Protein chains: 2
Amino acid sequence: MTTIQLRIGELAEQLELPVETIRYYEREGLMPPPRRTDGNYRVYDAPLVDRLTFIRNCRALDMTLNEIRELLRLRDAPEQDCTGVNDVLDAHIDHVCERINALRRLKVQLQGLRERCRQAHTVEECEILSGLSAPALASTPLASRHLPVHGRKGSKR
Amino acid sequence: MTTIQLRIGELAEQLELPVETIRYYEREGLMPPPRRTDGNYRVYDAPLVDRLTFIRNCRALDMTLNEIRELLRLRDAPEQDCTGVNDVLDAHIDHVCERINALRRLKVQLQGLRERCRQAHTVEECEILSGLSAPALASTPLASRHLPVHGRKGSKR
DNA sequence: GAACACCCTGTAGTAGCTTTAGGGTCAAGT
DNA sequence: ACTTGACCCTAAAGCTACTACAGGGTGTTC
């Protein structure tokens, strides 16, 4: 029976993560330092593959590294009850709902602004630019500030 | 007729922006360096107040500083037509729509996961943790990766 | 002349990576 | 034996949009 042994590149390909991200998780203490070959290459076995899969899935659900740290801690203590896990997840679901609502309000604002300039005319008389220059940004309340729209950059591979 | 002359703190209060953010926009080239008093204090006049208002409103609509740079460039060329402005705004609205859809898919995933553990039991048998450890994260397609949920930290005043 | 609110510069820290620089390892090909 | 090329290594810097800090100057009031 041959046990699983992957170099970092193979692991990265299987889990569809960039190699540098895996090393980053190690630096951050989410992944323990793996065994090394004589040539100083990292070698990953099944438990580490599982752990990284867990981390990747949590990130795909957009949890922060701190939320994931907390879940890993709970995962590593199998005899406790899992109320803590539920709490982390509930809090995260709340985050997501709030973001969705904020973005919907934002979209309404942006579309209203866009409507003001359906035909191209000159910049000087552009209703969009004048709308954006208004002290209180039109009459509608300002989009709740401080919620980024722009996701992470598309990752390579 | 007294023209407007504000120190940075007064400007910050009027526009409800932190002072450091205003200085940051200057370092970033979004705001031109203002006049200074003998004591080396920044002094802002009406055109600069307008410009900062514009920037603040764009940020409230969650545009990136690069998008805003582009809009400012267009705003500074008043004789051109404003197709470019529309393009920036349309692209931004697209961003927002994509984010909303991605977050909705995410929410469905998270709620499905949460349902797997309605009652508290031990971590060892927790369906949430096992779900998160699955190689492909349940059967549903992975939430499109790379879209942060967590907004900026709440700013001071 | 001392207290105080305000202003200045420059630097570092935040999250979650990505990129770059400058090298070492190892299997295959000539 | 040697070179090519794919892969691996570390350390440090860069990204966004700020925020916070250290260490100091200004200006008004008591």
Side-chain angles (χ1 to χ4, degrees), chain A residues 5-31 33-44 52 55-56 58-70 92 95 145-157, chain B residues 5-31 33-44 52 55-56 58-70 92 95 145-157:
Chain A
Q5 303 283 18
L6 298 175
R7 276 173 302 147
I8 198 168
E10 296 162 341
L11 181 59
E13 191 167 5
Q14 279 210 15
L15 298 199
E16 295 185 275
L17 282 174
V19 165
E20 309 84 49
T21 300
I22 300 174
R23 284 195 283 249
Y24 171 70
Y25 290 158
E26 186 182 328
R27 280 203 302 286
E28 286 299 298
L30 290 156
M31 291 290 288
R35 207 170 64 70
R36 300 283 184 130
T37 64
D38 292 351
N40 200 30
Y41 287 10
R42 290 171 177 83
V43 179
Y44 296 89
L52 185 58
I55 297 170
R56 183 209 55 179
C58 290
R59 283 299 294 140
L61 297 173
D62 243 332
M63 300 180 192
T64 64
L65 297 194
N66 275 336
E67 284 172 328
I68 298 170
R69 251 182 275 271
E70 174 70 5
H92 187 61
H95 288 330
R145 225 140 320 144
H146 306 303
L147 357 122
V149 168
H150 304 271
R152 306 168 218 153
K153 311 295 176 47
S155 62
K156 306 284 180 56
R157 56 175 346 217
Chain B
Q5 303 283 19
L6 298 175
R7 275 173 303 147
I8 197 167
E10 296 161 340
L11 181 60
E13 191 165 7
Q14 279 209 17
L15 298 199
E16 295 186 276
L17 283 174
V19 166
E20 310 85 52
T21 300
I22 300 175
R23 285 195 284 249
Y24 171 70
Y25 290 157
E26 185 182 329
R27 279 203 303 285
E28 285 299 298
L30 291 157
M31 290 291 287
R35 209 171 61 70
R36 300 283 184 131
T37 65
D38 292 351
N40 200 31
Y41 287 9
R42 289 172 178 82
V43 180
Y44 295 88
L52 186 57
I55 296 170
R56 183 208 56 177
C58 290
R59 282 299 294 140
L61 297 174
D62 244 331
M63 299 181 194
T64 63
L65 297 194
N66 275 336
E67 283 172 329
I68 298 170
R69 250 182 277 270
E70 175 70 6
H92 187 60
H95 288 329
R145 224 139 321 142
H146 308 301
L147 356 119
V149 168
H150 305 272
R152 304 167 218 154
K153 310 295 177 49
S155 63
K156 306 280 180 60
R157 48 167 349 198

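These numbers come from the heavy atoms of this one structure, side chains and all, not from hydrogens, waters or symmetry mates. Predicted model, so just to flag it, every value in this text is computed and none were measured. In what follows, chains carry the letters A, B, and so on, assigned in the order in which the sequence lines appear, proteins first and then strands, with residues in each chain numbered from 1.
For C:dT9, one of the phosphate oxygens OP1 or OP2 lies less than 4.0 angstrom from a side-chain nitrogen or oxygen of B:R42. At the phosphate of C:dC6, neither OP1 nor OP2 sits under 4.0 Å from any side-chain N or O atom of B:R7. Side-chain nitrogen and oxygen atoms of B:R27 include none within less than 4.0 Å of the OP1 or OP2 phosphate oxygen of C:dT9. A:R23 has no side-chain polar atom (N or O) that falls below the 4.0 Å cut-off from OP1 or OP2 of D:dA12. Remark: B:Y24 is not in phosphate contact with D:dT16, judged by side-chain N or O atoms under 4.0 Å from OP1 or OP2. Phosphate proximity of C:dA15 to A:T64: absent, as no side-chain N or O sits under 4.0 Å from OP1 or OP2. Put simply, B:T21 has no side-chain N or O that comes within less than 4.0 Å of OP1 or OP2 on D:dA17. For C:dG24, neither phosphate oxygen OP1 nor OP2 lies less than 4.0 angstrom from any side-chain nitrogen or oxygen of A:Y41.
Contact annotation: the side chain of B:L6 never approaches that of B:R42 to less than 4.5 Å [non-hydrogen atoms, C-beta and beyond].
Put simply, CG on A:N40 is 17 Å from P on C:dG23, counting in whole angstrom units. A:L30 has its CG atom 12 Å from the C1' atom of C:dC17, to the nearest Å. Look at NE2 on B:H95: it is 14 Å from P on D:dT16, rounded to the nearest Å. The nearest whole Å value for the distance from the CD atom in B:E28 to the C1' atom in D:dG14 is 13 Å. Protein atom CZ of B:R59 is 14 Å distant from nucleotide atom C1' of D:dT19, rounded to whole Å. D:dG27 atom P lies 8 Å from atom CG of B:D38, rounded to whole Å. Rounded to an integer number of Å, the gap from CD1 of B:I68 to P of D:dA17 is 8 Å. One interatomic measurement links the two molecules: CD of B:E20 to C1' of C:dC8, which rounds to 12 Å at whole-angstrom precision.
Toward the 5′ end of DNA chain C lies the nearest nucleotide of B:G9, the other residue of the pair B:G9 and A:G39 mapping further downstream. Each of B:R69 and B:T37 has a nearest nucleotide on DNA chain D; the 5'-most of these lies closest to B:R69.
Between A:M63 atom CE and A:E70 atom CD the span is 11.5 Å, to the nearest 0.5 Å. Rounded to the nearest 0.5 angstrom, A:N66 CG and A:L30 CG are separated by 8.5 Å.
When distances are taken from the side chain of A:P18 to each of D:dC9, C:dT18, C:dC8, the shortest belongs to C:dT18.
Looking only at distances, no side-chain donor or acceptor of B:R7 sits under 3.5 Å from a matching main-chain atom of B:L11. At least one donor-acceptor pair under 3.5 Å links the side chain of A:H92 to the backbone N or O of A:L61.
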